[in-house]
Number of protein chains: 2
Amino acid sequence: MREIQSLARGLKILNRLAEANGTVSITTIASDLQIDKGSASLLLQTLANYGFAEKDPHTRQYKLGPSVVQLSRSLLTKMPLRETAKPFLLQLVHDTGECAHLGVLSQGKVLYIDQVESSQTLRVNTEVGFTAPLHCTALGKVLMAWNATEMPVDFPRATPRTIVDPKMMQFELDKTRSLGYAMDDEEFNLGVRCIAAPVIDYRGKVIGALGISGPAARLPIDRIPEMAKKVTAIAQALSDRMSFIKQD
Amino acid sequence: MREIQSLARGLKILNRLAEANGTVSITTIASDLQIDKGSASLLLQTLANYGFAEKDPHTRQYKLGPSVVQLSRSLLTKMPLRETAKPFLLQLVHDTGECAHLGVLSQGKVLYIDQVESSQTLRVNTEVGFTAPLHCTALGKVLMAWNATEMPVDFPRATPRTIVDPKMMQFELDKTRSLGYAMDDEEFNLGVRCIAAPVIDYRGKVIGALGISGPAARLPIDRIPEMAKKVTAIAQALSDRMSFIKQD
DNA sequence: TACCTGCGTTGTATATTATACAACCACATT
DNA sequence: AATGTGGTTGTATAATATACAACGCAGGTA
């Protein structure tokens, strides 16, 4: 597998800009990514030429440019899974009263590609594009359970309840596969529980996961099976629908 | 201005993937962008390694990868203009009953950064990321009027009412500057009128535009001044607020 | 089934071009 | 005004992207 170095460097810079809080200086980028200051300058200029980065002419610092927003829209609007899933997410919110998510694998993480909030809260959809670790989210466990290659090497702790032992995780994934759904029991955010189930392709491949999340108080352990039934039912219905979509 | 060729090629490929409908083959990309088939293959592989492109293993075709969605979210959630503008957009929708937009300049086009739909329609925010030509949109005229460098060379016709003559456009921009707002009189979509006003920085720079759009029937010519007053009032209020934001 | 065609990948030699280094310049800070 | 930090740019070098060609694979067709 050959890789074009300068392109790879440019992409790494984009990721670096994305994880920064504000703007970033060239020297910071250069030292973080171990590349020459002058080379970094050229790469940033190129990124800026195409709108992928933007330079504040005053501070001479860089940040992400607007082109990435265009690309994102292009991807999201053409994604059959997302388009198809929308009504199912709405239905799920209606059935459970909790907010619903749709996620896919991206670079060893869960990428949230759609979300429907429960009734009262009318917050906008900024959570689209959010990424979370696989091992401490319900969506992530589902994606791991049916994509063996995607198992991360370490499981950093997010809360006291996070599963950090690989053996325990194996057990957890076995359970997920046999039950047909996964749960996140305050393993990512304290006080929040999630339940997720797989979305299956026309080829039988797990291409995504959908689920609900809510405060632990509204999702007590003894109600989990009942709620999980609703989640798996919707996921199954969506999978059935997806089986007609040949594309991709 | 030096440009890193291979990075530039990679970014061009991303744009090419974005404008495609479905997936794209390597040969198509190579011939469209006038690059060697083998080189294109390497570039695509590199893009795929970082999640910026995705290869369908079956058809061997490529499409955009999920990383762009992450980048987009990172940009949008950290954009002070967008965060600050939200309540003003909501207010504008409340005041006028029409749907409101917020846009910025990107690569010689208007990029829609946020949108609030009027009451009944509950469509999701997929229009974020949409781009339109400058010369036939109200937002675009505003951005052009106060950014002299951004004048495009040609003005392709979108509807019979599109202004295609550069002289006429100069007049239009003069009018925009003196009135403090711009209008799109069915110049982009037949039956749709828009009104937009500038959003101004703490430095006095026009950093964006906000506006409303609605069916011509609800926005007759004789009601334009009255509606424009509401738009400019909100834009002014947002500008005042933005004057406290030093960042960027 | 066998052949053919079109497409993607990969090996390799070449020279293009990215890179590192250093000098220069612009700011900001003291 | 002087000093230091950080960005840009010129230039020589060699690393590396590139083009070309050969190979392999899959799909379609006879």
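Throughout, a chain's letter reflects where its sequence line sits, starting with A, and its residues are numbered from 1. The structure displayed is predicted, hence computed values, not measured ones.
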A:Leu44 CG to D:dG6 P, straight-line distance once rounded to whole Å:
15 Å
So, does the side chain of A:Arg2 form a donor-acceptor pair with the base of C:dT12 at under 3.5 Å?
yes
Between CD1 of A:Ile29 and P of D:dG6 the distance, given in whole Å, is 14 Å
Mapping B:His58 and B:Gln34 to their closest nucleotides on DNA chain D, which lands nearer the 5' end?
B:Gln34
Between A:Asp184 and A:Lys141, does any NZ, NE, NH1 or NH2 come within less than 4.0 Å of an OD or OE carboxylate oxygen?
no
Nearest of D:dT9, C:dT10, D:dG7 to any side-chain atom of A:Lys37?
D:dG7
Using a cut-off of less than 4.0 Å, is there contact between a side-chain N or O of A:Ser6 and OP1 or OP2 of D:dT16?
no
Taking the side chain of B:Ile26 as heavy atoms from C-beta outward, which of C:dT19, C:dA18, C:dG8 is closest to it?
C:dG8
B:Lys55 side-chain N/O to C:dC7 phosphate OP1/OP2 under 4.0 Å:
no
Quickly work out the A:Ile4 CD1 to D:dA15 P distance and round it to whole Å.
17 Å
Any A:Gln5 side-chain N or O less than 4.0 Å from OP1/OP2 of D:dA15:
no
Over 60° means perpendicular and under 30° means parallel, so tell me whether A:Tyr112 and A:His101 are parallel, tilted or perpendicular.
perpendicular
Just N and O in the side chain of A:Arg60: are any of them under 4.0 Å from OP1 or OP2 of C:dC25?
no
Any side-chain N or O of A:Ser41 less than 4.0 Å from the OP1 or OP2 oxygen of D:dG7?
no
Would you check if the side chain of A:Thr176 reaches a backbone N or O of A:Glu172 as a donor-acceptor pair within less than 3.5 Å?
yes
If each of B:Leu43 and A:Gln61 is mapped to the nucleotide of DNA chain D with the nearest heavy atom, which maps nearer the 5' terminus, i.e. the 5' end?
A:Gln61
Nearest whole angstrom, please: distance from the C1' of D:dG7 to the CD1 of A:Ile13.
14 Å
Rounded to whole Å, the CG-P distance (B:Leu47 to C:dG8) equals 15 Å
Within this structure, what is the CG-to-C1' distance between A:Asp56 and D:dG6, rounded to whole angstrom?
15 Å
Would you check, one step at a time, whether the test side chain to side chain contact (heavy atoms under 4.5 Å, CB included) holds for B:Leu64 with A:Leu71?
CA-CA 8 Å; B:Leu64 285 179; A:Leu71 294 188; 4.2 Å; yes
Heavy-atom side-chain proximity of A:Met242 to A:Leu81 below 4.5 angstrom:
yes
B:Glu3 CD to C:dT19 P, in whole Å, measures 14 Å
Does A:Thr27 put a side-chain nitrogen or oxygen below 4.0 Å from OP1 or OP2 of D:dG7?
yes
Rounded to whole Å, how long is the line connecting atom CD1 of B:Ile35 with atom C1' of D:dA19?
12 Å
Just to confirm, is there a sub-4.0 Å distance from OP1 or OP2 of C:dA20 to any side-chain nitrogen or oxygen of A:Ser39?
yes
